[in-house]
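A single structure is presented below for examination.
In what follows, every chain begins at residue 1, and chains take the letters A, B, ... in the order their sequences are listed.
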Amino acid sequence: MFREVIKMNETFSTLVKDLQAIVGEENATGDRAICTSYSRDQHWHFVPAKNPACIVRPGNKEEVRTVLMLANTHKIPVIPYSAGINVRGLTIPVHDGSILLDLSRMNRILEINPDMKTATVEPGVTFGMLLEQTRKYKLRPAFPDAPLTVSVLANYYLRGIYQTAAADGHDHTISYEMILPNGETLKTGSRALSEMPYFRYGVGPDFAGMFCAHPGTCGVVTELTAKLYRLYDNRKEYFIGFDDVDTPTKFIYNLMNDELAASIRLVDNQSWLKGIFGTFDYPYESLPKFVLCVLVEGVDGVFEAKDKLVRAYMEECGGQVLDLPAEFASTFEHESLGGAEKSCMVFGIKGRGNYHCIGLYGPLTLAAKYYAVHERTALEVGIPQDHVHFYIDPIYSFHGQLCYFELDVFYDGSDEEFGDKLRNYNEKQFHRLLELGIYGWFRPYAGIIEPTAERIGYLAEVWKKFLHVLDPNEIMNRGKLF
Amino acid sequence: MEREEEVLSAIHHCVKCKLCSIASFHPNEEWLPLCPSGEYYGYQAFYAPGKMEIFRAILEGEITEPSEGLLNSVYACTVCGACYEKCKQITSVELGAPDLFEAMRRELAGKGWILDEHKAIADKIEETKNAYGEKYEYKVKEGATDENADVLYYIGCTARYRVPEIADSMLRIFDKLGVKYQVMGEEWCCGSVLFRTGQVEAAKELVAHNVEEIKKSGAKTVVFTCPGCLKTFEKNYPDMGVELLHATQFLTRLGNMNLKKEDLKAAYHDPCHLGRDLGIYDEPRAVLSKVADIKPMKREREQAWCCGSGGGVKSAFDDFALWSAAERLKEAKEAGAEALVSACPFCKRNLKEAAEKEELEVYDVVELVNRCLER
Ligand SMILES: Cc1cc2nc3c(=O)[nH]c(=O)nc-3n(C[C@H](O)[C@H](O)[C@H](O)COP(=O)(O)OP(=O)(O)OC[C@H]3O[C@@H](n4cnc5c(N)ncnc54)[C@H](O)[C@@H]3O)c2cc1C
Ligand code: SF4
Ligand code: SF4
């Protein structure tokens, strides 16, 4: 195994030299301090710091290929890293002697095709970079609620299927190109067949789907073609307050069923709302406990019709329509359709914050139950009520009443004891949620995936074998699974 | 080290979102990098979150050797504070990144992990009391000063020895406006470069000397053309009971100076020490607007792109400093400016050097004021 193979420092300095020969001297280093800067993310209470052995910053896919083949020959673990902002410790090494493959230099937008409504990007392209270009065509990518400094490619490949605009649905990836540890290039969908990478289900099985959404990866995606969505000039925002989680679900159902709103987000009044409104400085406690934020958009005619129907549903929704400062509506608009920047304010919620969440997919019908179990478990492990937060994002086209739920706890990131409480919380909560019934986890990261894999029967075996075929030497970042 | 717990706690609060690497995206939806060191070197170690992680590892005893990468990532940062300004909009940080990075440098200096270039500056200062090791004195015209004047002009090493046109202009402005002023009989370096590079001990003698001289002078107001000196006096010197003003504050206060506006399109470059460190954004603009038409650049005020020379970068990483300056020049040209005007000798020097082959003039605002001031 690689752990024995790469034991000695001299071997490593040879390796770094070999890597430098591939990517250029300034783009590969084994310097301890530089490696340390990649050793930890905000999930450090759960995934402790660990240094990669070296950092490599390839500039193109041929360099990626050569690095992977070298690593494969020597059985050295490789961790692809696009922006490193995954909030789940996904780029923190598991094994000693890992190569961290920092792909941020590969930041070209290869194509924006307004006719096809697609963009093809390299891993280093962030949501901000992409929107800056697509908006010229009145198009935008589907945004996660993640900072717009994250990689579009990594987000879609990780299955960032919930997003700030419910209307975008849940599949933004069309096709991609991936380099495997043996140096082979794999192209998915119509990309495999022609120069037209615009159709997901080109040939045979849906390989794009099979490769993505692992806790880690089985290769390095070097370019990806994604869907773009229209930007409309007509927009209107509504904010409706509710005292519980259950009451708004009927309203959400109506909006989703009639496909009326672009963005629909139910948040509590103390957490994400601050980001959605872009300020800490407002008496949020004076608002009802939950606020439903609704954004309607569309072309002339359709927009007015939708807006009328939304208002009609709003009248009978049992909530209180809130009259808020005009700039809140405009921040909500920017954050929903222009890339999330202020959402990171959740980190400032508890003074100096950190953010722990269990993200999951499930039906709207279970919303109140998810919230109740969140509250119960938090209180049991000593997490105070005022640290317990909740978030629902329904997703079009709403088959299975598909929603993204987030069970959040915002806390002081430097508080070790609070970290212990959260570990206890996770221990109980993962099981409870699995018992209650979920469609799946937002992301199958370390800690959450183990109790889940136990329940999926033969699928886990097949999954393992699948990874083995693609990556027999187990060099790719497995995301701490298998 | 001092306040270790506080420092570690601040580091733990960095959530690695990297939003500090770009200027506010909304509402203009433009991707505008903000961190010169990260943009130039690329590795995470050169962005604020990576640097903080390195500092944690030093404090927790994981890093025990001064590797090349360590020294580069720590010292090839202009300590411009742009990351902090962005971070505080979105999180509730308690310790600003510049404070953290200066504490980091003190920690390194305490271990003797210091760059030769920075050590050489300390040696020069020890020998000559100025940061450039110059042995001659900057001469003020005889008879121009008044040792009883309420106003004392603290010239600073850079204006005395590298961009004397700034000192000359300021002195001419005093003359033209009939302001009585004095300069220090023996002006020593303010110590800024030593504080910024972690060599705090070496600065103590300078502080003591300058404080003594200023007290002796009887001046009530000390005027600076160098924001680095002003910041050092504000933040690292004891209270001397005198008013400390940047030249642009002093000039704004004078009100109508009978300036003849030039037909010049000028972009104003906010010096980091003047803007982000001292919050002085409006006065330089007010003064500049009287002598030129201001063309706004995309990154301004709290989110200004650093010229690249601060924090000891110019002396140790000149290529990086010049690259950063060139980025700023590009931005000024894009704004339609014919001149890039700053209010700091250090900025002027670096920007001017980078502009050598450019069709863009680089000035300090006091030079333009002097030019436009009618007697
Ligand atoms: C405040 C906040 C809110 C967030 N909200 C959301 C949200 O609403 N939706 C959402 O989806 N996420 C959210 N996130 C999580 C996270 O930021 C994103 O999922 C992000 O897309 C991760 O992208 P990255 O570029 O940082 O990936 P990285 O951290 O670089 O990589 C993540 C994983 O992908 C692998 N990987 C990276 N690049 C490649 C590649 N080229 N080929 C193969 N594998 C690769 C890595 O090895 C790692 O396993 C949020 C984060 C924050 C801080
Ligand atoms: S310093 Fe602030 S803005 Fe930068 S990565 Fe850390 S938390 Fe985010
Ligand atoms: S102080 Fe300036 S150069 Fe240093 S990390 Fe912050 S933004 Fe970058």
Side-chain angles (χ1 to χ4, degrees), chain A residues 26-27 29-42 44 49 51 55 57 81 83-85 87 102 104-105 126-133 135 146-150 275 278 280 330-331 334-335 338-339 341-345 347-355 412-415, chain B residues 5-6 8-33 38 41-47 49-58 60 62-74 86-95:
Chain A
E26 67 283 13
N27 293 314
T29 180
D31 185 279
R32 170 110 206 206
I34 308 274
C35 291
T36 298
S37 68
Y38 294 81
S39 68
R40 201 176 75 137
D41 64 14
Q42 60 52 258
W44 59 275
N51 276 14
I55 316 296
R57 306 186 69 234
Y81 170 111
I85 315 175
V87 288
D102 177 342
S104 55
R105 277 179 71 217
T126 64
F127 280 98
M129 289 175 187
L130 185 58
L131 178 72
E132 184 185 52
Q133 300 308 320
R135 73 187 176 93
L148 42 72
T149 40
V150 310
F280 291 118
S330 97
T331 314
H334 286 310
E335 289 290 301
E341 184 170 35
K342 295 284 172 22
S343 73
C344 259
M345 284 172 59
F347 292 125
I349 283 169
K350 288 288 165 224
R352 295 113 198 188
N354 202 332
Y355 146 63
D412 180 340
S414 69
D415 186 342
Chain B
E5 243 176 63
E6 195 191 347
L8 273 173
S9 152
I11 293 171
H12 292 322
H13 291 143
C14 167
V15 292
K16 318 277 188 258
C17 65
K18 241 166 146 183
L19 278 165
C20 52
S21 67
I22 54 158
S24 290
F25 190 73
H26 298 304
N28 295 331
E29 294 174 344
E30 281 181 272
W31 182 264
L32 300 168
Y41 292 98
Y43 289 103
Q44 176 79 348
F46 292 85
Y47 288 101
K51 267 190 245 293
M52 290 195 208
E53 216 37 49
I54 294 174
F55 196 11
R56 176 196 63 76
I58 294 170
E60 294 182 345
E62 287 169 24
I63 291 181
T64 52
E65 299 287 334
S67 64
E68 194 187 341
L70 173 74
L71 296 178
N72 288 350
S73 64
V74 173
K86 183 71 193 302
C87 182
K88 76 179 181 199
Q89 283 184 10
I90 43 172
T91 67
S92 316
V93 285
E94 70 269 52
L95 256 192

(message) Does any backbone or side-chain atom of A/Phe280 lie under 4.5 Å from a heavy atom of chain B? Answer side chain, backbone, both or neither.
(response)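 It is the side chain, since no backbone atom gets that close.
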(request) Determine yes or no for a side-chain-to-main-chain donor-acceptor pair under 3.5 angstrom, with B/His12 supplying the side chain and A/Asp412 the backbone. (result)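 No, B/His12 side chain to A/Asp412 backbone: no donor-acceptor pair under 3.5 Å.
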(request) Below 4.5 Å from any heavy atom of chain B, which atoms of A/Ala49 appear? Answer side chain, backbone, both or neither. (result)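 For A/Ala49, the contact with chain B is made by the side chain alone.
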(request) Identify which of A/Gln42, A/His334, A/Met345 forms the greatest number of heavy-atom pairs closer than 4.5 Å to chain B. (result)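 Going by pairs under 4.5 Å, I would pick A/His334.
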(request) Name the region of B/Asn72, side chain, backbone, both or neither, that has any atom closer than 4.5 Å to a heavy atom of chain A. (result)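 Interface part for B/Asn72: neither.
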(request) Check whether B/Leu8 gets within reach of chain A through its side chain, its backbone, both or neither, counting any heavy atom under 4.5 Å. (result)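 For B/Leu8, there is no contact with chain A at all, as no heavy atom is under 4.5 Å.
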(message) Between B/Lys18 and A/Thr126, is there a side-chain heavy-atom distance shorter than 4.5 Å?
(response)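 Heavy-atom side-chain distance check fails, nothing below 4.5 Å.
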(message) Quick check for you: among A/Val150, A/Thr149, A/Thr36, A/Ile55, which has the greatest number of heavy-atom pairs under 4.5 Å with chain B?
(response)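 With the most close heavy-atom pairs to chain B, the winner is A/Thr149.
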Donor-acceptor contacts, no H, no angles, side chain residues 63-71 of chain B, under 3.5 Å, sequence neighbours left out:
| unit_1 | atom_1 | unit_2 | atom_2 | d |
| --- | --- | --- | --- | --- |
| B/Ser67 | OG | A/Asp31 | OD1 | 3.0 |
| B/Ser67 | OG | A/Asp31 | OD2 | 2.9 |
| B/Ser67 | OG | B/Leu70 | N | 3.2 |

(request) Looking only at non-hydrogen atoms, find the nearest pair between B/Trp31 and A/Leu148 and report the distance. (result)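 Nearest heavy atoms, B/Trp31 then A/Leu148: CZ3-O, 3.7 Å.
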(request) Could you check which of A/Arg135, A/Arg32, A/Gln133 has the highest count of heavy-atom pairs closer than 4.5 Å to chain B? (result)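 Option with the top pair count is A/Arg135.
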(message) Would you compute the distance between atom SG of B/Cys17 and atom CD of A/Glu341 and round it to the nearest 0.5 angstrom?
(response)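 Interatomic distance, B/Cys17 SG to A/Glu341 CD, rounded to 0.5 Å: 9.5 Å.
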(request) Measure the spacing between CD of B/Glu30 and CG of A/Leu131 and express it to the nearest 0.5 Å. (result)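 Separation between the atoms: 11.0 Å.
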(request) Verify side-chain contact (heavy atoms from CB on, under 4.5 Å) between A/Lys342 and B/His26, making sure each step is shown before the conclusion. (result) CA-CA 9 Å; A/Lys342 295 284 172 22; B/His26 298 304; 6.0 Å; no
(request) Identify the heavy atoms of A/Tyr38 and B/Tyr43 that sit nearest to each other, and give their distance. (result)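 In this case the closest contact between A/Tyr38 and B/Tyr43 is OH-CA, 3.4 Å.
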(request) Could you tell me whether the side chain of B/Val15 reaches within less than 4.5 Å of the side chain of A/Tyr355, counting heavy atoms only? (result)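 No. Closest side-chain heavy atoms not under 4.5 Å.
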(request) Scan A/Ser104, A/Ser37, A/Ser39 and name whichever one has a side chain to side chain contact (heavy atoms under 4.5 Å, CB included) with B/Gln44. (result)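 Exactly one candidate clears the test, A/Ser37.
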(request) With sequence neighbours left out, write down each residue that passes salt bridge (charged side-chain N to carboxylate O under 4.0 Å, His left out) with A/Glu335, or none if nothing qualifies. (result)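 Counting only residues at least two positions away or on another chain, A/Glu335 forms no salt bridge (charged side-chain N to carboxylate O under 4.0 Å, His left out).
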(request) Enter the distance from B/Glu53:CD to A/Ile34:CD1 here, rounded to the nearest 0.5 Å. (result)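 If I round to the nearest 0.5 Å, the distance is 13.5 Å.
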(request) State the SG-CG distance between A/Cys344 and B/Leu19, to the nearest 0.5 angstrom. (result)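 Taking SG in A/Cys344 and CG in B/Leu19, the distance rounds to 5.0 Å.
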(message) Taking every non-hydrogen pair under 4.5 Å, which of B/Ala10, B/Ser73, B/Ser24 racks up the most with chain A?
(response)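 Of the options given, most contacts go to B/Ser24.
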(request) Nearest 0.5 Å please: distance from the CD atom of A/Glu26 over to the OH atom of B/Tyr41. (result)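 Reported to 0.5 Å precision, the distance equals 11.5 Å.
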(message) So, taking the atom named NZ in B/Lys16 and the one named CZ in A/Phe347, what distance separates them when rounded to the nearest 0.5 Å?
(response)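 Reported to 0.5 Å precision, the distance equals 11.0 Å.
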